[in-house]
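Working notes, structure below.
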Amino acid sequence: MKILVTGGLGFIGSHTVVELQQKGFEVVVIDNLSNSTLSVLDGIENITSIRPYFEQLDLRDKSAVFSFFETHQNIAGVIHFAASKAVGESVENPLLYYENNVTTLVYVLQALEKYQINNFIFSSSCTVYGQADELPITENAPVKKAESPYGNTKQIGEEIIEDTCKVSTQLKAIALRYFNPIGAHSSAELGELPIGVPQNLVPYITQTGIGLRKELSVFGNDYSTIDGTCVRDYIHVVDLAKAHVIAVERLINNNNSCNFETYNIGTGKGSSVLEVIQSFERVSNTSLNYSFAPRRVGDVIEAYANTQKVTSQLGWKAESTLDEAMLSAWNWENKIKK
Ligand SMILES: NC(=O)c1ccc[n+]([C@@H]2O[C@H](COP(=O)([O-])OP(=O)(O)OC[C@H]3O[C@@H](n4cnc5c(N)ncnc54)[C@H](O)[C@@H]3O)[C@@H](O)[C@H]2O)c1
């Protein structure tokens, strides 16, 4: 069975391609390489011994999107990762984000309708919840006004898919709301490749640990959390990748309970910034250079998932520990340093 993975050379997409291939799916990848490199194909092949079919294509090019589907008509499902994801950049350049994250989604959905491809998985985010009133966060928590254009593209994306599912007699879709993906493949063949200064905590930690950055700033140490620093639900990217395989199989086998479903993908456990640093220091045997800095405007204080729905309905749960994820990220950092 053939699955199309858009953004399949990116961080989460590449790990998902590996899991799909290991489950016997044939994978077709679209990516415009705006935030990835062709060498990711080697990493995938080194792990699975299969090089997925790859097409360098920009999903903003509507006619290219339609000609792609014209030539690949036997696709059973689409996992749509392709998007821009830097929150700060989205504030600076909102139209880039609305074009790249919303317009492209519309084109892909139009193509699915035209070519009668019925199974669609969407990369959503826990950013749709903002600072939730209750923890852990369930899928029923209200979607709050987005803190950034990036967050808004995820909310709008879910609405577009839901509206389309309401009128389509065929389309089935699942939005996976990721908490904080971290780590790398245990083989160190794949991992996160931030361009420029990392926007996320873990690559910043590993780059500081290896000497690429002088110091990590921990923004805020006086929040009402376990140790005063912000708390997030860090999910190993391989666990996250496996959730996509289960989700797409659910749709292909018509096991879904309604045409549009949403699931939290997290561990269910919150970890503070200091706990992540301590985990890194433990697994790497390195002391991290960090200091406290003032709170950042707009930072959510605490967010972690209630995972009951995904566990009971998809039979998925996170398996890796924070230490395992941090060790894999560290091994990856050491690999790419060479
Ligand atoms: N990493 C996170 O912390 C996180 C959290 C929640 C949700 N998400 C979402 O998950 C998805 C994947 O995230 P990631 O961390 O793997 O990001 P990534 O940047 O590593 O991967 C995205 C891939 O999409 C490609 N791409 C971007 N625009 C494209 C376009 N117009 N046409 C074709 N390809 C395009 C990029 O080159 C890149 O390879 C994104 O939708 C992101 O918003 C990520």
Side-chain angles (χ1 to χ4, degrees), residues 4-18 28-41 43-44 52 54-62 64-65 68 78-90 96-108 111 121-129 146 148-158 161 175-185 190-196 198-204 232-238 240-241 243-244 262-266 300 303 305 325 329 332:
L4 166 64
V5 180
T6 74
L9 298 193
F11 173 43
I12 308 167
S14 58
H15 288 83
T16 303
V17 172
V18 164
V28 177
V29 172
I30 284 180
D31 204 298
N32 68 352
L33 304 180
S34 58
N35 201 30
S36 51
T37 64
L38 276 178
S39 63
V40 174
L41 284 170
I44 294 170
F54 170 65
E55 198 152 313
Q56 185 172 346
L57 188 155
D58 193 323
L59 293 170
R60 288 172 293 190
D61 181 345
K62 186 174 181 176
V65 171
F68 172 88
V78 175
I79 306 181
H80 182 54
F81 291 104
S84 302
K85 63 166 182 180
V87 172
E89 186 187 41
S90 80
L96 172 77
Y97 274 67
Y98 288 117
E99 181 185 37
N100 207 39
N101 296 8
V102 180
T103 309
T104 56
L105 170 66
V106 172
Y107 294 163
V108 171
I121 309 295
F122 178 64
S123 293
S124 190
S125 167
C126 67
T127 54
V128 301
Y129 300 119
S148 68
Y150 167 73
N152 205 21
T153 66
K154 294 298 172 191
Q155 296 186 1
I156 295 169
E158 286 198 13
I161 299 164
L176 298 178
R177 294 173 174 168
Y178 316 155
F179 278 65
N180 293 73
I182 61 165
H185 197 268
L190 294 175
E192 201 166 354
L193 274 174
I195 294 174
Q199 306 285 315
N200 293 330
L201 176 64
V202 171
Y204 209 107
R232 296 285 181 277
D233 185 338
Y234 294 96
I235 170 84
H236 194 302
V237 66
V238 173
L240 173 58
H244 290 80
T262 53
Y263 292 100
N264 286 342
I265 306 292
V300 167
W332 168 247

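Computed over heavy atoms, backbone and side chain alike; hydrogens, waters and symmetry mates excluded. We count ligands from 1, going down the list as the structure has it; atoms in each ligand are counted the same way. All values reported here derive from a predicted model rather than from experimental measurement.
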Which atom pairs, one a donor and one an acceptor, fall under 3.5 Å between side chains of residues 149-156 and the rest of the protein, sequence neighbours left out?
from : atom 1 : to   : atom 2 : distance (Å)
N152 : ND2    : Y98  : OH     : 2.9
T153 : OG1    : N101 : ND2    : 3.1
T153 : OG1    : Y150 : O      : 2.5
K154 : NZ     : S123 : O      : 2.9
Q155 : NE2    : K144 : O      : 2.6

Would you mind writing out the side-chain donor-acceptor pairs for residues 79-88 within the sub-3.5 Å range, not counting sequence neighbours?
from : atom 1 : to   : atom 2 : distance (Å)
H80  : ND1    : T6   : OG1    : 2.7
S84  : OG     : N100 : ND2    : 2.8

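The distance from atom NE2 of H15 to atom NE2 of H236, rounded to the nearest 0.5 Å, is 7.5 Å.
Judged by distance alone, with hydrogens and angles left aside, the side-chain atoms of N264 form no donor-acceptor pair with the main-chain N or O of G266 at under 3.5 Å. Under the 3.5 Å distance criterion, the side-chain polar atoms of N200 are left unmatched by any main-chain donor or acceptor of V202.
Around ligand 1 you find G7, L9, G10, F11, I12, D31, N32, L33, S34, N35, S36, L57, D58, L59, F81, A82, A83, K85, N100, S123, S124, S125, Y150, K154, Y178, P181, N200, each with a heavy-atom distance below 4.0 Å.
For R232, there are no salt bridge (charged side-chain N to carboxylate O under 4.0 Å, His left out) partners, not counting sequence neighbours.
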